[in-house]
Each structure stands twice: as C-alpha cells, then as structure tokens.
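Naming convention: chains lettered A, B, ... in sequence-line order (proteins, then strands); numbering from 1 in each chain.
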Amino acid sequence: MNVNNVEAVRATLHDALTRDERIVILGEDVGARGNVFLITKDFLQEFGPQRIVDTPLSESAIIGVAVGMAMDGLRPIAEIQFADFIFPAFNQIVGEAAKTRYRSNGDYTCPLVIRTPYGGGVRGALSHSISIEALFYHVPGLKIVAPAFPADVRGLLNAAIADPDPILFLEHKKTYRLARTDIADEAYTIPIGQADIKRSGTDLTVVSYGYFVHLALEAAAKLSSEDISVEVIDLRSIRPMDKTTILQSLSKTHRLLIIHEDHAFGGIGAEIAAMVASEALFELDAPIRRLCGPDVPAMGYAHALEDAYMISSEQMATAMREMVQF
Amino acid sequence: MNVNNVEAVRATLHDALTRDERIVILGEDVGARGNVFLITKDFLQEFGPQRIVDTPLSESAIIGVAVGMAMDGLRPIAEIQFADFIFPAFNQIVGEAAKTRYRSNGDYTCPLVIRTPYGGGVRGALSHSISIEALFYHVPGLKIVAPAFPADVRGLLNAAIADPDPILFLEHKKTYRLARTDIADEAYTIPIGQADIKRSGTDLTVVSYGYFVHLALEAAAKLSSEDISVEVIDLRSIRPMDKTTILQSLSKTHRLLIIHEDHAFGGIGAEIAAMVASEALFELDAPIRRLCGPDVPAMGYAHALEDAYMISSEQMATAMREMVQF
Amino acid sequence: MKASEQRELLRRMLLHRQIDTRAFQLNRQGRIPFALGGEGHEAAQAGASLAFMRGQDVLVPYYRDLGLALGIGLPVIDVFTSLFAKKADTSGGRQFPSHFSNKALGLVSISSIIAAHVAHAVGFGLAMQYRKERGRAVLCSFGDGATSQGEWHEALNFAAVMQAPVVFFCQNNGWAISVPQSKQMRINDIADRAIGYGMPGSTVDGFDPIAVYDAVHAALERARNGGGPSLIEAKCYRFLPHTSDDDDRTYRQPEEVETQRTRDPLPTFERQLIEKQIYSTDEIALLKAELYEHIDQALEEAAALENPSADSLTTNVYAGTEKAWL
Amino acid sequence: MKASEQRELLRRMLLHRQIDTRAFQLNRQGRIPFALGGEGHEAAQAGASLAFMRGQDVLVPYYRDLGLALGIGLPVIDVFTSLFAKKADTSGGRQFPSHFSNKALGLVSISSIIAAHVAHAVGFGLAMQYRKERGRAVLCSFGDGATSQGEWHEALNFAAVMQAPVVFFCQNNGWAISVPQSKQMRINDIADRAIGYGMPGSTVDGFDPIAVYDAVHAALERARNGGGPSLIEAKCYRFLPHTSDDDDRTYRQPEEVETQRTRDPLPTFERQLIEKQIYSTDEIALLKAELYEHIDQALEEAAALENPSADSLTTNVYAGTEKAWL
Ligand SMILES: Cc1ncc(C[n+]2csc(CCOP(=O)(O)OP(=O)(O)O)c2C)c(N)n1
Ligand SMILES: Cc1ncc(C[n+]2csc(CCOP(=O)(O)OP(=O)(O)O)c2C)c(N)n1
Ligand SMILES: [Mg+2]
Ligand SMILES: [Mg+2]
C-alpha cells in the first residue's frame, strides 16, 4: 500500500480490529468524528460502538478503564487526543499500567497500547505541541516507540499491539502527512527496541527520532556534496533503546551528535550520551553534542516562536559540519 | 539549634509561618495529625485552620488550589504525603504550575513550594519508597531541590519559600532521623542550584544526592585508609544543577562516579554524564560510571528485595576502588 | 432589570458575535490559521459578565469565553493581537487565541487543558477568604465536557468543604467536540452534580441573558457574603463547529443545528428589547454599525503591530534568567 | 436469610476480626513491621462478600478489604505470607500486606494509590459487557476518603455512561486517616453522589451484615442482568488507628471510639444469632476456637516459609527479560 503516516496508523488499526476480536479502541472523538486527524474515520460504522468507544472527557479514566480491560484479557488501544492532555492520566500510566505485572508478581498483566500525537511545527501553540517522551522513558515496566516513517509506523504498531506489556505509541503530528511511501500489505512487525540506520556514513553518527530524522536526513544529504559522510540512526524505540546499533556506528565514525526536538536537560539524548560515555568513551574523537529544543516550557503560537523552537535542517547541517571539523 | 532533618523542616516551616502571613500550609493530615512524620505537629493550634489546611484526599486539587493561591499572592506550601502519591497531581505541577509564568508572559506567577517525602530503605514497600526526581527534572519552569543534611534542609527550604517560582522540595525519608547536627538559628538561605563538596579528594569525583550522600561519605572515609582520596559532591539542587562544581572537581580528579538510588535509565546521572561528555570529555581518564538503583518498577517490601534495591556503602566503596584502579 | 442594563447585555452579545464572525472570516481568508467561536454562548456570557463586579471579582474562564472576557473589560484589540499572535498579545503570542491574561482586570491566565483551571479558581477564592476580603468572589467557567474530568470534581468538593467564594458556571452546549451530552454523562441536568458536593445547584436557560444574569448575580452575591460556592448550569448550544479545524457535519445533523438556530438568542433578544421599547430597530442597526467600526479598527490596528521576536522565546521561564545547568 | 448463611456471615466476621488481632499482636511482638486492620468493617465486608458469586464475579478491593478477600475465598495462609512478606505472598513480597492478587478467585491486584483501582473495575465490567457475559458483575470497594479523588469521579461517570456491570461499594468509616468526613466532604450521605452520575445510590448500616448483604446482592443482581452500575454506602467505623504506624489519639477523642465500640457489630451479631437460636453460645465459642486454631496453624506455617530471594527483584518487569538498553 502507498500511505502516509496517518494512513499507515489507520490501516494497521483496521487490520488489527479485523484480525483480533479482543481489540477495542477508546478515546475522545474516535467514534463519529473518526479522531481529530481522521485516523479512525468510519471505524464506528464498521466495528460498532462496543469496539470503537467514544469516551467521556476524562483521560485518567480512559487509561484506567483500558488497564482494567487489559487485565481482563482484552487488547485495548487507548487514544489520548493530543500528548499535551496525557498528564491527567500520568498516574494510571506510570503508577498503574507500568506496575501491574510487577506488583502482582505476574498474576495480572497489562497489554495496553496508548497512542498519542505529539510534537510541534504545526502551529499547535503552547498546548498542542509537546514532546512527552522524556517524562515517561525513565519508567520501568513501560515501553515507548516513536516511529517517523510509514513502514516503521506499521511494523511497530503491529508489534505494540502484539506486545504483552503497556506501550506508549508516539506519533509525530508533523510526520502525519509528510510523505507517502509503499509499504507491505501484510501485518508485519518490527521488533521494539531496534534502531534503524536510515543513512550510512563514516564521519559522524547522528542519532535522532521522530520528525527530526527527516530533517537530519536532508542535512546529511546536503553534506554529502561537501564530502562529509553522515550516518543517521533513527531510534524508533525510546524504551527499550538499541545500544548495539549506536555503539557499532560509533566504532566507525567516532563522533556522536544527538538531535531531538524535546529540550536537552534530562531528555532522551542525556541517556544516550551517558551510555556512550560509559561504554565507548575512548572511541570518541570529539565531545558528544546534543542539538535539542530550547529549555522553555512550551512552543509558542507565533511563527517566530515556533521557528525559534524547532531546529531547521540548516542548523543541523551546521552542527554536523562543526562536529566533523572538530 | 541541634536538629535532625524532620526537625529542620519543622523549625523552618514554623519560622516562615511566623514571619510571613502569606504562607499557608495545605495537605492531607497536616492539621490535627501534624503530618505523618509529625513535621507540622501543633501547627494547627498555633496558626489555625486557615493557615494549616487539612485538605480532602485529592492531590490534584491540593496542588491546583495552591496554584490559584500562589497566582493570587499567597505563598502556599503544599504537601504530598508520600512522593508515591504525586502522580495524580502531575498535570497541575507540570502542566500548570511550571507554565504559569510563561503562558501569561509574566503577568501571573506561581510561587509555590511542594514538599514531599521520597526514597526507600524504610520498609515502605512498593508504594512508599519511590524516587520521583527524574520524572520532573526535565520540566522547564520547575525547580527541584533534594537536600540531605539538616543545614542544607534549612537553607534550601528558606530559599524555596522565598523563591518566586514553583519548587519541588524532596525530603528523603531515610534521612529524616538519621543524624542531628547544630545549625544556625537564623533564617539563612542556601542558593538553589549550588552543589556542595561534602568531602574533598583528588582521585575520584563522586556526585550524589539525598540519602546516598551519607553512604558515599562512609565509603569515602573507608577508602581514605587505602590511600584513595575521593571527592564527594552533594548536588542538593537537581534543577537547576551546578555545572561549575562538577567540572572543577573533574579537572582535579579526572574520574566521575555518579551514585543515586533512582534507576539509571533517564535518571539524574544521565544528564550529568551527558553534560560532562560534552564539556569535559578530554578531562576524563576513565569511563563515566553510574551506580544506580535497579531497573525495576518499585522497591519491594521483603527485606531481601529492599536490600537488593538499595546500594550499600560497601558496594559504593567497591565501585570507587574500581574507578580509581581503572 | 434596568433598561440600560438590558441595552448593555445586547451590546455585549453583539460584540461577541461580530468578533467571532470576523475571526472566522480571517481564518477563511488565510490571515490566521485558527479561530474558535462562541456562537450560541453570547447570552450566557453577557448575562454572567454583567453580574461580575469589575475591580472586585476574579474570572477564571475557559477558552470559549471571549464574551465573558470582553464583558469584564478586555479591550477588543487584545482579541486581535491574540488572533494574530502579536507581541502585544497577553501571552506574548505563545498561546492559542482566547487564552487571555489580564491581572489588572481580574482575568486569570488559563491553559488549554480541560478543567485544569477549576482548582485555581478555588485557590483564588480561598485567598480572598483568607484575607477576609468580603464582597469579592470568583467566577469560574467551563463546558459540559469539563465536568467529566477528575480535576473538576476535586475542585468542587474542595470548594464546598472550605466554603470558598466561587461560582462554578457551566455552559452546557450539549457537545464536547463530537461527543453529545448523552455520551458524556447519564444525567440531564449538570446542576444535579451540586447535590454530591453539598452546594446549591441550578439550571437556567442559557439563551436568556437576563435569566443567566439573575442566577449568576444571586450566586455571586451569596459567595461575596460568605455563603459559599454554587454551581450554575446555563443550557445553550454551539452553533459553529468546535473550532475552525473541525467539521461538525461528521457527527451531527445539520438539521439539529438549524433547529437550534431558530432559537438564536441574538435576534430573540433584539426582538424582546424592541417589544419592550428599550431599543428601536434603527438604534440596533446603528449599534451594530458602531461595533463593526470599532472591531474593524481594532483588527487593522492589531494586524499592523509587531510580531514577537525570536528572543522572547526564552523570557519569563523563571523570574530570573536561570537555565537548567547553572 | 437462611440460617446457614447467617452462620456463614458470623464466621467471616470472626475470622476477619481474629486475623486482625493476630496481625497487630505480631506487630507489637516485633515479628512484622506493619499491620493494617479492619475492625469495625467486618459486618460490611462479610455482607458484601456473601453477595459475591465465586467463579463469576470479580472483586476490585482496597487495602482495608481483608474480610472481603477472605470472604471470596482467599486462603488464610495468604494473609500471613503477605504479612511476613514471604516468597509465596501473592505479590512475591513486593507489596504491603493486604494487597492481594489472585486471578483464579477473581481477586484483582491493586496499588496503594487511593482510588486508582476504581477505573480498573469499570474496565473489568466493560470487558464482561463486551464479551456478553451476562450473569457476571464487578464489586469495587473503597473508603469515604477515596470519593474525593478525581479518578473516583471519572470512573463512576464512565461506568454510568457505559452502563458497566459494577457495584461501587463505599465503606464509610467516617475517617480518612485523621480527616473526618466533615472535612472531607460537605454531605452526610456519600450515596447522594450517585445522583450526579445518574445511577442508583443507597446507604446501609455497615454494622448490619444482613442489611449490607441485601443491598449489595440486589445491586450485583441488577448489574449481572444488564441493569448497570450503582453506588452503595455502608456506614461503619474504624475502631483501630489507621495502621500500626498511626496514633489516632492525636486527632480523635478516645471517647468517640469507645462510644462506637458499644455498637461493635461482632457481639451484636452474635447476640442476634443467639436470640434467633441460629447459634448457641457454646457453638460460637467452639467456632472461635476452631478459627483460632486454623489461624494459628496458617500463621506458623507461613512464618516457616521461604523469604523471597534477591534475584526475584528483577522478575516480572516485562513478559520477557527486556532491559532499558537492549
Ligand atoms: C485534558 C484535555 N482533554 C482533551 C482536550 C481536547 N478538547 C478540547 S475542547 C474539548 C471539548 C470540550 O467540551 P466542553 O467542555 O463541553 O466545552 P465546549 O468546547 O463545548 O465549549 C476537548 C475534548 C483538552 N483540551 N484537554
Ligand atoms: C493518592 C493517595 N493519597 C494519599 C494516600 C495516603 N493515604 C492512605 S490511606 C488514606 C486515607 C484513606 O481514607 P479512606 O478512603 O476513607 O479509607 P480508610 O483508610 O478510612 O478505610 C490516605 C490519605 C494514598 N495512599 N494515596
Ligand atoms: Mg460543550
Ligand atoms: Mg475512611
């Protein structure tokens, strides 16, 4: 099929609903409205209100109810309309879903997928632009994926649905309609925890995820004309994370640039840098650099504020150049 | 005064209530019960129910109401009975308190102190042992302090109360009655964001905070008899964090060991290691090492599980030895 | 009600309606990316705002409260600086339109997170109570969907226990985006929820500005005089899609909207004032023209103003210029 | 009610009481660090548990529900493996006592976070509804304090909208640790909250096991037959301090407790059964002795069991053995 990310999510959910009776989708406006990005459009008619559940406006209950369903053998896929609205459900995700298996010593489990659109660059202003991954990735018991390309979206969503543990499935809004590609029709899976080298190179390793992988690839392509060879790793999974791919790349390039939209302090890049500083310190020919979102509470609505927040592929190229010249 | 940490908090709150009419304490069981650790014992009688507010059992409202009070000029000090119960208030802390100043462009501010006991080693089992700092330290707009000694507790609590922005004030339960020391009677402050060298040394820099600073100091003392000179930095503040003290120490020792009770992945040590790998990579004579809590959802109740979770000063000493011998 | 007050009600309703119309025009013209209207809410908001005592009361609104904000004194130009995300916007161009902040007017800054503001209103009320400021009260507004949120419940319970001077004002327009009231709750009258908190609750016709004024006025008066909180439900309707991004034909029949339109409070109230000989048809036409002129000027004036600069990205994070790493 | 059922009620109440007594003894003897009792709740729990259909219904309890757990079939030894934090404990020694998990019995694992479990109960109920399992229902239990939580509200509203087969069972003992009902809410009957959700609500004497049985039985039957959720409030009292860590003399008059003790449901119910000639004094004495014997055996058997090993720290985090870094 030839799809963009919205369509990849939609098609994968559709297949799953058709395949597996245990799957139930619940969230705000997922029914008649078909989700605000039309991801579940027409599902209500096809699968009925028992499986496509328009919930009351209560995120904590959406997740809490889904946790109960999951403990009882269903396979709920809960939607949080925008990642910015997930905080009221923090207790259910971090305190309950992620601890169910551990606290019952394996008696109860929580096979739950939580889908939510995140990220900026779409004029979403202060409350429709957030990156939430770093607020959750510290939590044992939870898994987090953040694919950015249609093929990865499909493979990882299938893996998430099949997974016996709770998973946060992050969809970057800016990638929703960014590009269309051909992907396989079957319900293939991509293992959670495997990064993907989206471009090979020898001079510098760039690690990123989400929308910024697209921009990093643009920058890397530009630099190839300057004879700079950049390897771009798309993490795809945030937790668990793929150590091997990063370390193998570094043993070739000896330089690491981490790029993400979310702010640096305590962000995903912090853990990557720390891991490398512990496991491959003497491989490094240059200090590790993080090129990340600014240390401010939110993305602004005005063009200037949004642009100042998002990192452009030019800025990425500059950082790459600097790293190689170090 | 000669006090332990419980008494330091209590005395400092008492002074503040006496000094500043804008201060109001609110939380569960802070009134007649005087808090579960007796920190606010007798405050109700002295200051009355308008200032020592026993709230309904609703953490989100405790913080939300305090946010409103703070926006309107009061200086609320909100208590979350145990850090494990803070998640229902996550939205109010991260989504509201931390963003108030930014989203109103400085028109409204949120001078709010949130006190909460955290940490393990006290037979608190799965739900009275959590470390929460890494779930909050990524949040711009918020400050976090975690002092471990009576003098720091007093100085930083005074600073937190005087601060015009929201602050998470973390009190490690295991340090509450650990030791008594003489501290000044005046309402002195310690600047938020300053680490403290609790022991000077030349061979290795250990960075820690909370209860584990006590254990790290024990380990360091032991090692001095083996002619190993360990510098122990007590972070005290988690956000903002003190770069200078860490880097200066490393320029002397060239070896960094980070120790904390909270799990490693995405924890406080990740950011410290990342900062060093970026700013002082070539200072390092050994890989950075993190000695942290295990990657499991919670501390167990059984002795064996609690012991296996907490890191002993012997284990710390071993890691220090290994680092120096690297 | 005095004739002058009735005239004022109509003026507020017309102003609200006309600005909404202009905002959606601007959106269709591509001059602004986003508009959010309150058609159908004008009577409720005009009535409630007339009961608000300027210089005394505090308003904690929600995003659909343009009419309330204008009614308590927000200058029209602030609406357009907000729509255009100008530097002069009360959030500095950070927030979506209609998230105003004006401390001098008693207009409190809100986020877009549904129901997160309700506890803040209680905090404002308790601050008034604490300072013994009799004669002041807080008006807190929200939609029907908001009452499903846990934070809403906690705030109302808290207010009831403390007898906070807060009037909770629900504009029940029957929809929360695509979710009709019947899927949001299993009751007809949201006012019935007051019973569970032990506070007075009442339902009024939200299309009748005088009825709304009477109910809100009485409730505010009670609150101002130490009589505690209450809940008022104004039944109205949302004539427009949820926002300019929404297509309401996906979830409700155009006939439903048309039927409701026949009850449009604007022509109805105009007719009533003409019947009561409070206004003549010509006077109303003149008033509309004046308002149009006023709005037009404000719009163009705002459009010509400066955009925020990229530098402002990092201001008002904290009181000082702290960064995460000091 | 049949005589045999009345005898069973008394047996359950006595068993509950005796185990509590032993737990507090063990605590005073220093054999366990923590005990948590339900004295005053025996009648409510015996009555409710008798209405539970083993093999059909599901129980989502809270931490004070020892009597309910025993009543639905939890073996006595599991209580002591929990108190002693043994390997055989249903949480593997991870949780505080009385946080049981037994999927086979329909006993759901809970956390200690107040009200977090209520939405789970709704999820279980909806899973039954989805699978069209008529004849099954969920019993969800909590205290008076829990009803202040937002999560409680969201769950009840959700259940009402979806007509989930759940009976919400509130054991109102008048206290939430030190906070009396009057500071927790401004209503006398928690059952009144049902009005705001559009579900039946009723208050029963929680000291009368037959009355509780009748109410819960009727409500469960309604739920089992597609009649939707309801809320039952059983008014009881907490004779003991909140837990073994609590000193209730700091916040309530011993006279209040003594007065309530005169209504103690155990001697009262014994007397009733003797009056009704369902039991003789001697038979009751014999029953008590048998129970004592049974408990004593279970206690010593549990005490002799293995402790958890340190290895079990890292089991049951995920289905597999994933770590954060793969
Ligand atoms: C916590 C949260 N969840 C979801 C949303 C998305 N959302 C924005 S408005 C809205 C509907 C609100 O309905 P209601 O409270 O009735 O107000 P109305 O828009 O009808 O005036 C939703 C679901 C949000 N902003 N915040
Ligand atoms: C979210 C949360 N906040 C606070 C606590 C601490 N706490 C434990 S029990 C309790 C009181 C509960 O009262 P109630 O619901 O009436 O039950 P009871 O103990 O009286 O049976 C409190 C405040 C907690 N466990 N979880
Ligand atoms: Mg609405
Ligand atoms: Mg209670």
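- Contact count versus chain A (heavy atoms, under 4.5 Å) is highest, among Val138(D), Ile110(D), Val122(D), for Ile110(D).
- Interface residue Val317(D): backbone and side-chain heavy atoms are both found under 4.5 Å from chain A.
- Of the listed residues (Ala127(D), Gly125(D), Ala324(D), Gly92(D)), the one with the most heavy-atom contacts under 4.5 Å to chain A is Ala324(D).
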Under 3.5 Å, which donor-acceptor pairs link chain D to chain A? Give each pair on its own line with the distance.
unit_1: Arg94(D); atom_1: NH1; unit_2: Tyr102(A); atom_2: O; d: 2.8
unit_1: Ser101(D); atom_1: OG; unit_2: Asp107(A); atom_2: OD2; d: 2.8
unit_1: Asn102(D); atom_1: N; unit_2: Asp107(A); atom_2: OD2; d: 3.4
unit_1: Lys103(D); atom_1: N; unit_2: Asp107(A); atom_2: OD2; d: 2.9
unit_1: Leu107(D); atom_1: O; unit_2: Tyr108(A); atom_2: OH; d: 3.0
unit_1: Ser109(D); atom_1: O; unit_2: Arg103(A); atom_2: NH2; d: 3.1
unit_1: Ser109(D); atom_1: OG; unit_2: Arg103(A); atom_2: NE; d: 2.8
unit_1: Ile110(D); atom_1: O; unit_2: Arg103(A); atom_2: NE; d: 3.3
unit_1: Ser111(D); atom_1: OG; unit_2: Glu96(A); atom_2: OE2; d: 2.6
unit_1: Ala116(D); atom_1: O; unit_2: Gln92(A); atom_2: NE2; d: 2.9
unit_1: His120(D); atom_1: NE2; unit_2: Gln92(A); atom_2: OE1; d: 2.8
unit_1: Tyr130(D); atom_1: OH; unit_2: Glu21(A); atom_2: O; d: 2.5
unit_1: Tyr130(D); atom_1: OH; unit_2: Arg51(A); atom_2: NE; d: 3.0
unit_1: Arg131(D); atom_1: NH1; unit_2: Asp72(A); atom_2: O; d: 2.9
unit_1: Arg131(D); atom_1: NH2; unit_2: Asp72(A); atom_2: OD2; d: 2.7
unit_1: Glu151(D); atom_1: OE1; unit_2: Gln92(A); atom_2: NE2; d: 2.5
unit_1: Glu151(D); atom_1: OE2; unit_2: Ser60(A); atom_2: OG; d: 3.4
unit_1: Glu151(D); atom_1: OE2; unit_2: Asn91(A); atom_2: ND2; d: 3.0
unit_1: Glu154(D); atom_1: OE1; unit_2: Ser60(A); atom_2: N; d: 3.3
unit_1: Glu154(D); atom_1: OE1; unit_2: Ala61(A); atom_2: N; d: 2.8
unit_1: Leu313(D); atom_1: O; unit_2: Tyr102(A); atom_2: OH; d: 2.5
unit_1: Asn316(D); atom_1: O; unit_2: Tyr102(A); atom_2: N; d: 3.3
unit_1: Asn316(D); atom_1: ND2; unit_2: Asn105(A); atom_2: O; d: 3.1
unit_1: Asn316(D); atom_1: ND2; unit_2: Asn105(A); atom_2: OD1; d: 3.1
unit_1: Tyr318(D); atom_1: OH; unit_2: Gly141(A); atom_2: N; d: 3.1
unit_1: Tyr318(D); atom_1: OH; unit_2: Leu142(A); atom_2: N; d: 3.4
unit_1: Tyr318(D); atom_1: OH; unit_2: Leu142(A); atom_2: O; d: 2.6
unit_1: Tyr318(D); atom_1: OH; unit_2: Arg239(A); atom_2: NE; d: 3.3
unit_1: Ala319(D); atom_1: N; unit_2: Asp165(A); atom_2: OD2; d: 2.7
unit_1: Glu322(D); atom_1: OE2; unit_2: Lys143(A); atom_2: NZ; d: 2.8
unit_1: Ala324(D); atom_1: O; unit_2: Met241(A); atom_2: N; d: 2.7
unit_1: Trp325(D); atom_1: NE1; unit_2: Glu271(A); atom_2: OE2; d: 2.6
unit_1: Leu326(D); atom_1: N; unit_2: Met241(A); atom_2: O; d: 2.7
unit_1: Leu326(D); atom_1: O; unit_2: Lys243(A); atom_2: N; d: 3.1

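- For chain A, the nearby parts of Val108(D) are the backbone and the side chain; heavy atoms of each come within less than 4.5 Å.
- Taking Gly150(D), Gly123(D), Ala164(D) one by one and counting their heavy-atom pairs under 4.5 Å with chain A, the maximum is reached by Gly123(D).
- Proximity to chain D (any heavy atom under 4.5 Å) is shown, for Ile63(A), by neither the backbone nor the side chain.
- Heavy atoms of Ile272(A) lying under 4.5 Å from chain D belong to its backbone as well as its side chain.
- Interface residue Leu313(D): backbone and side-chain heavy atoms are both found under 4.5 Å from chain A.
- Of the listed residues (Gly106(A), Gly141(A), Gly193(A), Pro164(A)), the one with the most heavy-atom contacts under 4.5 Å to chain D is Gly141(A).
- Between Met162(D) and Val65(A), the closest side-chain pair of non-hydrogen atoms is not below 4.5 Å.
- Note: Ala116(D) leads Ala116(D), Ala155(D), Gly320(D) in heavy-atom pairs under 4.5 Å with chain A.
- Leu126(D) is listed as a side-chain neighbour of Met69(A), based on a closest heavy-atom distance under 4.5 Å.
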